[in-house]
Amino acid sequence: MNDASRFRDAGEDKRTAYEVPDTPQTRAPAYALAFADEDFLCRDELRPVRLQLELLKPELLMEEHGIRSTIVLFGGARIPEPAKKDTARTQTLADLSAFYDEARTFARLMTERSKATGGTEDVVVTGGGPGVMEAGNRGAADAGGHSIGLNIVLPHEQAPNEYVTPDLCFNFHYFAIRKMHFLMRARAIAVFPGGFGTLDETFEALTLIQTGRMQKVPFLLFGKAFWEKIINWDALKDAGTISPEDLDLFKFVDSAEEAIAAIDSWEGAGEKRGAIPGR
């Protein structure tokens with residue numbers, strides 16, 4: 001018997017508390033068990049507790065599923081699958097629909113590898129939404145494997161895509177904790193064309209690797225033409241705001257097969273930077 005088993009179960013007390021006599025005292029908010037009181041947990045003063053809960057819940061459930069490493073897919077929610085590209089808001093988005101298929105193929109191939117480990121390594125994780133995220137979870141489903149979705153509550157009505165494994169579909173209030181879960185088990189990061197959210201995730205992850213706060217992992221930017229058009233990487237280098245060596249932290253790829261070859265040959269994967277070039 002472990003020590004915890006000597007105490008009454010919290011869930012049992014919660015159920016018992018709902019069965020107490022109905023009196024002015026038991027109806028008062030003050031009487032509710034603190035851990036079962038949603039209004040109390042949503043108070044501003046309880047933010048540190050909520051942050052901890054959002055860190056712990058997905059962590060514990062992923063541990064229970066035996067997930068040890070992940071393949072992260074970032075990318076635009078507005079990129080349609082090719083069969084629906086005529087619904088795209090712009091011609092550029094319609095053209096980018098080709099990357100939906102590349103994301104789907106990449107996720108399928110990586111999930112086939114993951115299944116060889118019993119689904120514990122190289123598990124695909126996306127933001128759980130539409131577009132490239134849907135393609136990633138869909139590719140994992142094509143391979144008959146599971147995948148993770150890290151959804152977040154947004155002002156507009158939305159739901160996780162239908163391809164996320166239900167038991168690995170999480171919902172977040174805090175962007176910061178969600179980002180931690182993206183990277184805590186990351187063995188590789190694949191970024192497809194996208195907007196503000198994709199750029200935010202890309203540069204945060206690159207900054208962690210650049211500064212040695214995170215191990216180097218294969219970091220793949222799908223769609224060289226897209227990335228070179230929207231970001232002048234050489235201008236950053238020439239200005240001295242990044243070092244020439246920082247441009248080696250990522251690679252451009254255009255296909256799933258090219259990405260997998262880069263992952264398999266990535267130099268320095270698993271290492272942390274020591275001295276930061278240019279500092």
Side-chain angles (χ1 to χ4, degrees), residues 58 62 65-76 99-128 132-143 145-150 164-165 168 178-194 197-224 226-227 246-273:
M62 281 193 264
H65 280 80
I67 294 171
R68 300 179 50 164
S69 67
T70 56
I71 304 296
V72 180
L73 267 71
F74 294 137
F99 286 106
Y100 182 104
D101 276 353
E102 289 301 332
R104 183 176 175 180
T105 300
F106 176 71
R108 175 179 59 79
L109 294 173
M110 293 308 304
T111 302
E112 288 171 356
R113 290 190 176 195
S114 177
K115 288 178 66 179
T117 72
T120 62
E121 305 281 357
D122 296 344
V123 179
V124 168
V125 56
T126 80
V132 166
M133 295 174 279
E134 175 187 284
N137 297 117
R138 188 174 182 179
D142 290 340
H146 53 230
S147 66
I148 304 164
L150 305 182
V164 182
T165 301
L168 295 172
R178 178 175 178 255
K179 289 177 181 177
M180 285 188 67
H181 279 294
F182 269 124
L183 300 179
M184 285 167 65
R185 290 175 168 83
R187 195 176 82 81
I189 299 171
V191 188
F192 293 79
T198 302
L199 292 171
D200 173 53
E201 292 157 344
T202 299
F203 282 111
E204 180 146 21
L206 277 176
T207 299
L208 288 171
I209 297 171
Q210 179 202 43
T211 57
R213 297 290 298 176
M214 176 180 169
Q215 293 177 353
K216 289 187 278 188
V217 297
F219 203 112
L220 311 164
L221 299 181
F222 273 77
K224 183 176 181 180
F226 174 84
W227 290 105
D246 292 335
L247 296 179
D248 296 328
L249 297 177
F250 60 88
K251 291 181 180 178
F252 298 112
V253 296
D254 286 306
S255 70
E257 292 77 11
E258 189 180 355
I260 291 173
I263 289 172
D264 290 343
S265 61
W266 199 271
E267 186 175 348
E271 300 175 0
K272 286 186 180 178
R273 272 184 155 186

Review point. Quick one: which of Thr111, Val123, Val124 gives a side-chain contact (heavy atoms from CB on, under 4.5 Å) with His146?
Key: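 Testing each of Thr111, Val123, Val124 against His146, the sole residue satisfying side-chain contact (heavy atoms from CB on, under 4.5 Å) is Val123.
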Donor-acceptor contact below 3.5 Å, side chain [X] vs main chain [Y]:
| X | Y | result |
| --- | --- | --- |
| Thr105 | Asp101 | yes |
| Glu102 | Ser255 | no |
| Arg273 | Gln210 | yes |
| Lys115 | Ala143 | yes |

Are [X] and [Y] close enough that some pair of their side-chain heavy atoms sits under 4.5 Å apart?
| X | Y | result |
| --- | --- | --- |
| Ile263 | Phe106 | yes |
| Arg178 | Glu201 | yes |
| Phe250 | Leu221 | yes |

Give me the atom names and distance for the closest heavy-atom approach of [X] to [Y].
| X | Y | result |
| --- | --- | --- |
| Val72 | Ala186 | CG2-CB, 3.7 Å |
| Leu109 | Ala256 | CD1-CB, 4.4 Å |
| Ile189 | Val191 | CG2-CG2, 3.9 Å |
| Phe226 | Gly194 | CZ-O, 3.6 Å |
| Val132 | Phe74 | CG1-O, 3.9 Å |
| Phe219 | Leu249 | CB-O, 3.3 Å |

Practice item. Determine, stepwise, if the pair Met62 / His181 fulfils side-chain contact (heavy atoms from CB on, under 4.5 Å). Key: CA-CA 10 Å; Met62 281 193 264; His181 279 294; 3.9 Å; yes
Point to revise | Asp248 bridged to Lys216 by N-O distance under 4.0 Å | key: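 No, Asp248 and Lys216 are not salt-bridged.
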Review point. So Ile67 and Leu168, side-chain contact (heavy atoms from CB on, under 4.5 Å) or not? Walk me through it.
Key: CA-CA 10 Å; Ile67 294 171; Leu168 295 172; 3.8 Å; yes
**Study point:** Test side-chain contact (heavy atoms from CB on, under 4.5 Å) applied to Trp266 and Val217, step by step
**Key:** CA-CA 8 Å; Trp266 199 271; Val217 297; over 6 Å; no
**Study point:** Those residues that, when tested against Phe192, pass ring pair (Phe, Tyr, Trp, His ring centres under 6.0 Å) (two or more places apart)
**Key:**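 For Phe192, the residues satisfying ring pair (Phe, Tyr, Trp, His ring centres under 6.0 Å) (neighbours in sequence not counted) are Phe222.
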Check your understanding: For Ser69, which of Arg187, Arg185, Glu121 qualifies under side-chain hydrogen bond (donor to acceptor under 3.5 Å, both in side chains)?
Key ->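 Going through the options one by one, the only one that passes is Glu121.
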**Study point:** Criterion side-chain hydrogen bond (donor to acceptor under 3.5 Å, both in side chains) against Asn137, the qualifying member of Thr165, Asp142, Thr126
**Key:**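 Filter result, single survivor: Thr126.
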